[in-house]
Amino acid sequence: MSPPVFRFAPSPNGYLHLGHAYSALLNFDLARRAGGSFLLRVEDIDVTRCRPEFEAAIYEDLAWLGISWETPVRRQSEHLARYREAVEGLSAQGLIYPSFESRSEIARLVAQREAAGPWPRDPDGAPLYPGAAKSLSPGQRQRLMAQSVPYALRLDMEAALASMNELAWQEHGAGPAGEHGLVNASPQAWGDVVLARKETPTSYHLSVVIDDALQGVTDVVRGRDLFWSTSVHRLLQRLLGIPQPAYRHHRLIEDASGHKLSKSTQATALRELRRQGVTPADIRRLAGLPDDARTTTGGC
Ligand code: GLU
């Protein structure tokens, strides 16, 4: 069996905090312990929020923590053509349709639906797509596109699931309710997810599965907040005919009031902690990781 491949895949839309340090160190320790490799991937598809100074800070903070990674680093913004190709493939299978509502129109449609009773929400709490764009005719779609109306390319979940039998993944960590072992995927809980937009030819879900496959990632170790996204990832892997890695969703590091750490809170940013004299060994302790990678059992 070839050695395992782990990865840490931050988005450069803010400074890394203690939660990122935990995730990166956990991946790095697991890779070292298994004699595998550790990759760093920069998930920078959102040009409105990603900034070069945040990317530079990622390299600096990880190196300070004592982490090293293979080069070259894959930067998603450099591979948009690859993602576009995958969208075209799904589209050729009749699994994609464009929707043209703005965010505020969608909010209005949801409010309308909710007047008649609860409207379903995805595992992140966002309302499912309430629109009727799926039933637009090819002519109507062409007309709207010709008028340069912004659009989102959505996965037709019903069509995608039509020929799908059991979908599951191997979970080595735990989900929000302690799910472990073979977990059944339920992509329908996400509705017709957006896979690309007019201005961005991909999405988190699409590029993450393509990159994990292209980079030969065998073990995805990431925060529990992404646990249910794995349902969509498993579906996309099946539709695109790409292999599935094993998953290990780890605990999230919380602040003193029990909230998930956020990139917008400067207090736990690694560079701020460093400025205050906190050492990399302190960070390991604060994150609940053992000092020495050789003795770690993972800390999930
Ligand atoms: N880029 C994602 C984030 O920063 C992580 C993606 C993943 O690990 O699957 O939250």
Side-chain angles (χ1 to χ4, degrees), residues 4-28 30-31 38-51 54-55 57-59 61-62 67 69 73-80 83 122-124 126 169-176 183 185 187 190 193-195 200 202-237 240 242-254 259-265 268-270 300:
V5 179
F6 292 80
R7 53 53 159 195
F8 175 58
S11 296
N13 54 13
Y15 291 118
L16 299 187
H17 54 56
L18 198 56
H20 297 107
Y22 173 62
S23 197
L25 285 165
L26 182 59
N27 270 286
F28 184 63
L30 287 167
F38 172 81
L39 310 178
L40 171 62
R41 183 168 72 225
V42 174
E43 302 211 325
D44 59 348
I45 52 172
D46 183 351
V47 289
T48 59
R49 295 172 64 218
C50 293
R51 299 222 300 259
F54 294 138
E55 184 175 337
I58 288 174
Y59 302 129
D61 291 347
L62 294 181
I67 292 176
W69 52 89
V73 168
R74 184 172 173 92
R75 300 175 71 240
Q76 293 188 324
S77 58
E78 292 169 356
H79 301 277
L80 298 182
Y83 310 132
D122 71 23
D124 283 347
W169 77 87
Q170 203 55 47
E171 175 62 44
H172 296 308
V183 177
W190 293 89
V193 281
V194 172
L195 292 188
T200 314
T202 187
S203 58
Y204 159 63
H205 293 309
L206 186 71
S207 34
V208 85
V209 296
I210 291 178
D211 286 358
D212 283 338
L214 280 174
Q215 297 191 287
V217 172
T218 57
D219 293 79
V220 170
V221 178
R222 61 185 177 195
R224 198 159 290 157
D225 51 337
L226 293 170
F227 183 81
W228 285 118
S229 294
T230 312
S231 287
V232 178
H233 300 173
R234 283 295 299 118
L235 175 61
L236 290 174
Q237 285 154 356
L240 296 167
I242 54 181
Q244 56 165 313
Y247 289 89
R248 181 181 185 127
H249 292 91
H250 60 67
R251 65 185 164 84
L252 300 175
I253 305 238
E254 294 171 341
H259 292 107
K260 187 186 142 190
L261 298 183
S262 147
K263 277 187 180 141
S264 53
T265 320
T268 50
L270 294 179
C300 275

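Note that ligands are numbered from 1 as they come in the structure, with each ligand's atoms numbered from 1 the same way.
Contacts of Phe8 with ligand 1, taken as heavy-atom pairs under 4.0 Å, are absent altogether. Neither the backbone nor the side chain of Val220 has a heavy atom within less than 4.0 Å of ligand 1.
From the protein, the heavy atom lying nearest to atom 10 (O) of ligand 1 is Leu226 CD1, 4.4 Å. For atom 3 (C) of ligand 1, the closest non-hydrogen atom of the protein is Ala9 O, 4.0 Å.
Close approach of ligand 1 to Val208 (heavy-atom distance below 4.0 Å) involves ligand atoms 9 (O). Residue-ligand proximity, Glu43 to ligand 1, at heavy-atom distances under 4.0 Å covers atoms 1 (N), 2 (C), 5 (C), 6 (C). Atoms of ligand 1 lying under 4.0 Å from at least one heavy atom of Arg7, given by number and element, are 7 (C), 8 (O), 9 (O). Atoms of ligand 1 lying under 4.0 Å from any heavy atom of Tyr204, numbered from 1 in the order shown and given with element: 6 (C), 7 (C), 9 (O). Near Ser11, with a cut-off below 4.0 Å to any heavy atom, the atoms of ligand 1 are 1 (N), 4 (O).
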Yes or no on side chain to side chain donor-acceptor pair (under 3.5 Å) for Arg222 and Thr230, after CA distance, side-chain angles and deciding distance? CA-CA 11 Å; Arg222 61 185 177 195; Thr230 312; 2.8 Å; yes
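Taking the six-membered ring for Trp, Trp169 and His233 have ring centres at least 6.0 Å apart.
Not one N or O on the side chain of Glu43 forms a donor-acceptor pair closer than 3.5 Å with the backbone of Tyr204. At least one donor-acceptor pair under 3.5 Å links the side chain of Ser203 to the backbone N or O of Leu195.
Using the six-membered ring where Trp is involved, His17 and His20 have ring planes that are tilted, between 30° and 60° apart.
Ion pairing between Arg7 and Asp212 holds under the 4.0 Å rule for side-chain N and carboxylate O.
The shortest N or O to N or O distance between Pro10 and ligand 1 is not under 3.5 Å.
Val221 and Asn27 make their closest contact through O-ND2, 3.0 Å (heavy atoms, listed as atom of the first residue, atom of the second, distance).
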